[in-house]
Amino acid sequence: MKKITLLFLILTSAFAFGQAPTTNATDPPTRNAGDVISIFSDAYTNITVNNFDPNWGQSGHTQVNSSYDPGTGNLIIAYPNFNYQGTEIATQDASAMEFIHIDIFVPASVTGRMVKFSPINNGTGTGEFLVEVPITPGSWNSVDLAKGDFTGMIWDSVFQLKFDGQFNSDGSANATPFDIYVDNIYFWKNPTNTTTDATLSDLQVDGNTVAGFVSTNYTYNVELPNGTTAVPTVTGTATQAGSGSSNVSVSPAASVPGTTTVTVTAPDGTTMQDYTINFTISAAPTVAAPTPPARTAADVVSIFSDAYSDVTVDNWGPDWGPSSARINDVTVASNATKLMDIESGQVFAGIDFAASSPFDATSFTHFHLDYYISGTLLPGQTLSIKLSNHSNGAGETSAIQTIPTAVAGSWQSLDVALADFVAASAPADLSRNAIAQIVISAARADNSTSVDIYLDNIYFHKNTTLSTKDESLFESKIYPNPSSTEWKITVPNNTIRTIEVFNVLGKRVVSQNYNSDTASISVESLASGIYLAKINTELGTKTVKLIRE
């Protein structure tokens, strides 16, 4: 709500926005400067905004007016033709803040729509998490969103803000643009009595801030890699500057699994608060990965599998810097397996299998990997597989990457069409004529806090028809078929790992993971016609015909 000159009033009056507000939002309350980080408000001192309208491909780009006058002389931000909108700010540590405030106006004619918001963080924790901003069209809405609503976010390095309106009120997708107006965007926290403040501003395990740390959350569960025996080092930093480290004491766990307690004493010398970290050990798989189907030798290039002949691997887990991990040999249910043995600060591992003579995968159709993520994925954690191409004997000249939905706690079989991989970095080169390395990670969006991954059956293959022997390894039942709602597939005395459905043009239209002898596939989004389903089970793979009515 910034005051403007008469000249500005004259200029802005030339711009017309349909059903725009004619009043301002209610003035924010008076707060201490240390309790507010203001982005846009006349009530507080604002931080530097680098760009109110960065080009993110939004429909309203170049139309944003960060000096819009509703006719009161107090300026607001207008987002006409809005589908989503970003704002770039000077990076802020807002980890101590408890809320973000937004005043928002949507025209009365805009009904049945939803607006979501998220700060964007490039520090610790989840990078962004969209939260609904409650709105009543036709009036100003004064909204305070609690930090806890933004699952996994720490807010320790906020550098962008994002509004997103590509939803109906029921959460379904709707990208039709509409107008919104905003004011009084600021982070804030409740004032603290410093003499009785017994909180931490940081809590670290082996030098890394605990995932999801918030000063008002006093209990944390930290999962350690399988085989860990040493008790991690825990440190805490008191919130109150000048109170000294002597008011933070640590009682380490006697062993792992176990609990470490951090006790904080406030400056008054009597107020105390305990933070506890419960250490557990990641569970290793107790069964082996699924057995791959029989394939013709010419149709497979195997990196690691007992089912095929493997190529030479020069290095499992090469040292590619402090973030790279080793890959060790382990045995699971008497089956040779690989383990990405993640330690503190490591988030990925490489496989260097053909540095001197990379192979041409142009004629191959699929990349296969069986993985088992030990423990529980944290918010924002994803699985990423990158294939590094080294043309002309040089280093990486191009790379392709896939990021499938990660599943933890059970063996998962990925059989990804190479055509579905995308360019991992610019330029958008999808060459796979000289693949020499594979990079695997299960890091969070901020490239931190990875987890142990067991690996087996890593190979490239040509998706040709399997032998008659393989096709007859198991029975399958499909019903109803034809169907207009769903296909149900059962494989008695067997376990379905994945099902891929292809249309008559060979395009994959469905890919789902299972760990059961039954599966269901919704067909409502598919066009009527004939489809082929490839059913991958622990006893082999077969292809069946499906009909969508």
Side-chain angles (χ1 to χ4, degrees), residues 17-21 25 39-40 49-66 68 76-89 100-122 125-147 149-153 155 158-185 379-382 403-406 420 422 444-446 509-510 522 524-526:
F17 296 93
Q19 298 182 315
I39 290 88
F40 186 91
V49 175
N50 296 326
N51 194 343
F52 279 105
D53 187 26
N55 185 3
W56 291 359
Q58 65 272 37
S59 58
H61 179 53
T62 73
Q63 300 174 51
V64 173
N65 186 351
S66 59
Y68 180 79
I76 60 176
I77 304 176
Y79 293 141
N81 197 30
F82 163 80
N83 61 343
Y84 61 88
Q85 180 62 47
T87 303
E88 295 179 352
I89 63 175
I100 186 161
H101 180 93
I102 303 167
D103 287 327
I104 182 170
F105 181 99
V106 176
S109 60
V110 179
T111 58
R113 299 299 295 272
M114 179 190 299
V115 176
K116 294 185 178 183
F117 171 84
S118 179
I120 300 180
N121 200 73
N122 63 0
T126 301
E128 65 176 279
F129 189 93
L130 288 170
V131 173
E132 181 182 357
V133 182
I135 55 174
T136 299
S139 63
W140 279 104
N141 301 266
S142 186
V143 180
D144 288 292
L145 302 175
K147 183 178 183 179
D149 295 338
F150 298 86
T151 304
M153 294 202 73
W155 291 0
V158 178
F159 71 111
Q160 294 172 334
L161 308 176
K162 179 180 180 181
F163 286 92
D164 196 333
Q166 301 177 103
F167 314 92
N168 292 313
S169 55
D170 62 1
S172 59
N174 187 342
T176 303
F178 57 101
D179 297 346
I180 70 170
Y181 304 82
V182 296
D183 196 4
N184 298 318
I185 307 172
Q381 206 151 37
T382 60
I403 304 178
T405 300
D420 289 345
V422 298
R444 302 181 71 186
D446 60 353
V509 294
V510 175
S522 174
E524 294 181 354
S525 62
L526 301 179

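Model, not experiment: these values are computed from the prediction.
Separation of atoms CD1 (I39) and CG (L161) is listed at 5.5 Å; rounding is to 0.5 Å. Here CD of Q166 is found 9.0 Å from CG of N174. Values are rounded to the nearest 0.5 Å. Between the OH atom of Y181 and the OH atom of Y79 there is a distance of 12.5 Å, given to the nearest 0.5 Å. The CG atom of L145 sits 12.5 Å away from the NZ atom of K116 when rounded to the nearest 0.5 Å. The CG atom of N121 sits 10.5 Å away from the CD atom of Q160 when rounded to the nearest 0.5 Å. The line from OG1 of T87 to CG of D53 is 8.5 Å long, rounded to the nearest 0.5 Å.
Scored by the side-chain contact (heavy atoms from CB on, under 4.5 Å) test, A146 finds F99, D149 as partners (sequence neighbours excluded). Taking A406 as the reference, I373, L377, L383 meet the side-chain contact (heavy atoms from CB on, under 4.5 Å) condition, with sequence neighbours excluded. Listed by chain and number, the residues in a salt bridge (charged side-chain N to carboxylate O under 4.0 Å, His left out) with D420 are R508 (sequence neighbours excluded). Considering only residues two or more places apart in sequence or on other chains, S142 meets the side-chain contact (heavy atoms from CB on, under 4.5 Å) condition with H101, D103. F150 is linked by a ring-ring contact (aromatic ring centres under 6.0 Å, His included) to W155, counting only residues two or more places apart in sequence or in another chain.
Panel note: side chain N83, backbone A175; no donor-acceptor pair is recorded below 3.5 Å.
Taking both residues in full, the closest heavy atoms of P54 and Q85 are given as CD-NE2, 4.2 Å, listed atom of the first, atom of the second, then distance. Between P119 and M153, the shortest heavy-atom distance links the atoms O-CE, 3.3 Å. Residues M114 and S169 approach most closely at CE-O, 3.3 Å, considering heavy atoms. Taking each heavy atom of G165 and R113 in turn, the nearest pair found is O-NH2, 2.8 Å. Between N81 and D179, the shortest heavy-atom contact is N-OD1, 2.9 Å. Annotation for A25 and N184: closest pair CB-ND2, 4.2 Å, computed over non-hydrogen atoms.
In this structure, the side chains of T126 and T151 stay at 4.5 Å or more apart for every pair of heavy atoms. Under the 4.5 Å side-chain criterion, counting only non-hydrogen atoms from C-beta, P21 is in contact with W140. For the pair I100 and F117, the minimum side-chain heavy-atom distance is below 4.5 Å.
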Would you sort out whether F40 and V49 count as a side chain to side chain contact (heavy atoms under 4.5 Å, CB included), showing the intermediate values?
-> CA-CA 9 Å; F40 186 91; V49 175; over 6 Å; no
Apply side chain to side chain contact (heavy atoms under 4.5 Å, CB included) to the pair E88 and W56, showing each step before the final yes or no.
-> CA-CA 11 Å; E88 295 179 352; W56 291 359; 4.0 Å; yes
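The distance between the ring centers of Y84 and F163 does not fall below 6.0 angstrom.
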Could you give the side-chain donor-acceptor pairs of residues 129-139 under 3.5 Å, partners two or more places apart or in another chain?
residue : atom : partner : partner atom : Å
S139    : OG   : T136    : O            : 3.4

